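Working notes, structure below.
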Amino acid sequence: MTAATHISNSKVALVTGASRGIGAAIAERLASDGFAVIVNYAGSEGAAREVVGRIEAAGGRALAVRADVADAASVRAMFEAAESAFGGVDVLVNNAGVMSLSTIAQSEDEAFDHMVSINLKGSFNTLREAARRLRDGGRVINLSTTVLALLQPTYGIYAATKAGVEALTSILAKEMRGRGITVNAVAPGPTATDLFLNGKPPELVERMAKAAPLERLGQPEDIAAAVAFLAGPDGAWINGQTLRANGGLA
Ligand code: NDP
């Protein structure tokens with residue numbers, strides 16, 4: 001079988017927020033595992049095209065699709081684009097996310113609305129489309145966070161959105177009964193991306209890196225490996241679970 005035949009027959013994965021950070025690593029890892037990949041982005045078109053370029057250079061197949069996950073119509077259009085490009089969708093990775101930190105007392109309405117609209121409503125929008133459209137035997141992997149184990153001050157709104165994502169994970173796993181579709185979450189600890197690093201002084205980053213027994217930050221590829229396990233054949237019997245990928249932090 002030629003590489004091209006293998007790819008054209010491959011399963012299809014849609015990864016939200018795949019222009020940068022963990023999502024970009026997931027897209028590249030799933031492509032190297034044989035999936036055709038939809039590389040979703042909101043604003044970073046150039047970065048998304050670079051991810052597609054790296055996948056194609058390695059012999060894979062990918063398409064960059066712009067969609068704000070907070071917008072239900074855009075999410076629908078993105079699934080339609082995936083179906084017309086690759087024939088269907090088998091795997092949804094709900095990775096797009098934003099985080100800003102503040103005590104509850106000092107939080108602004110805008111920060112609440114922003115995180116809820118992308119992390120929670122955005123996940124709901126893609127999960128609803130996946131529930132309606134994913135091919136039988138498919139997989140859904142949602143990105144949660146180890147913050148839900150630690151519950152530190154200033155993470156209130158962010159943690160609340162991800163608690164909602166974990167609840168949706170467990171319930172959708174049950175609602176997919178009879179279709180062979182698994183629904184799980186991966187909950188990273190501190191991982192070296194813009195989302196984690198931006199705005200933190202180096203001493204704090206160093207302290208947080210040493211907090212896990214494995215004494216380093218997670219890398220996007222560490223999280224992509226956990227997602228790839230759940231998306232691939234070895235993860236077939238895992239359903240309705242949250243897998244903490246955090247070096248043993250909690
Ligand atoms: P980054 O900030 O590095 O990347 C975020 C990605 O999400 C970008 O590709 C961005 O696209 C995309 N995105 C943001 N808003 C939207 C939107 N409205 N619609 C579509 N895409 C959007 O974040 P990480 O890679 O660190 O985080 C990925 C996921 O992992 C998130 O869900 C996060 O909560 C979770 N996580 C991260 C941890 C960490 O320490 N880094 C720890 C635990 C969980 P664009 O550039 O086009 O805007």
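Whatever order the structure lists them in is the order used to number ligands and atoms, beginning at 1. Because the structure is predicted, anything quoted here is derived from the model rather than measured.
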N/O to N/O below 3.5 Å, does that happen between [X] and ligand 1?
X     : result
Tyr41 : no
Ile22 : yes
Gly17 : yes
Ala70 : no
Ser19 : yes
Ala42 : yes
Val98 : no

Hey, which atoms in ligand 1 end up nearer than 4.0 Å to a heavy atom of [X]?
X      : answer
Gly21  : 3 (O), 25 (O)
Ser144 : 43 (C), 44 (C)
Pro188 : 42 (C), 43 (C), 44 (C)
Pro190 : 40 (O)
Ala67  : 19 (N), 20 (C)
Asn40  : 20 (C), 21 (N)

Original post:
Is any side-chain heavy atom of Arg244 closer than 4.5 Å to a side-chain heavy atom of Leu249?
Top reply: no

**OP:** Please indicate whether Phe112 has more than 12 foreign heavy atoms, meaning atoms of other residues, nucleotides or ligands, lying under 6.0 Å from its CZ.
**Re:**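 No - once you tally the heavy atoms of other residues, nucleotides and ligands closer than 6.0 Å, there are 12 at most.
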
Original post:
Given Ala25, Ala24, Gly218, Ala96, which has its nearest heavy atom closest to atom 22 (C) of ligand 1?
Top reply: Ala96

**OP:** Going by heavy-atom distance to atom 29 (C) of ligand 1, choose the closest among Asn95, Asp68, Ile26.
**Re:**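 Nearest heavy atom to atom 29 (C) of ligand 1 lies in Asn95.
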
Please write down residue, atom name and distance for the protein heavy atom closest to [atom].
atom                    : answer
atom 46 (O) of ligand 1 : Ser44 OG, 2.5 Å
atom 42 (C) of ligand 1 : Gly189 O, 3.4 Å
atom 19 (N) of ligand 1 : Val69 N, 3.0 Å
atom 3 (O) of ligand 1  : Thr193 CB, 3.6 Å
atom 10 (C) of ligand 1 : Arg20 NH2, 3.6 Å
atom 23 (O) of ligand 1 : Leu195 CB, 3.3 Å
atom 35 (C) of ligand 1 : Tyr158 OH, 3.9 Å
atom 48 (O) of ligand 1 : Gly43 N, 3.6 Å

Subject >> ligand 1 contacted by Gly122 (non-hydrogen, < 4.0 Å) >> reply: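 Gly122 does not count as a contact of ligand 1 under the 4.0 Å cut-off.
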
Original post:
Touching ligand 1 at all, Glu45? Heavy atoms, strictly under 4.0 Å?
Top reply: no

Original post:
Do Glu50 and Arg20 sit within salt-bridge range, that is, some charged N less than 4.0 Å from a carboxylate O?
Top reply: no

Subject >> Carboxylate-amine/guanidinium proximity below 4.0 Å for Arg76 and Glu80 >> reply: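 Glu80 and Arg76: not salt-bridged.
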
Original post:
Short question: side chain of Asn94, backbone of Leu143 - any donor-acceptor pair under 3.5 Å?
Top reply: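 Pair absent, no side-chain N/O of Asn94 close to backbone of Leu143.
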
Original post:
Between the main-chain N or O of Ala67 and the side-chain N or O of Asn40, is there a donor-acceptor pair closer than 3.5 Å?
Top reply: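 Yes; at least one donor-acceptor contact below 3.5 Å.
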
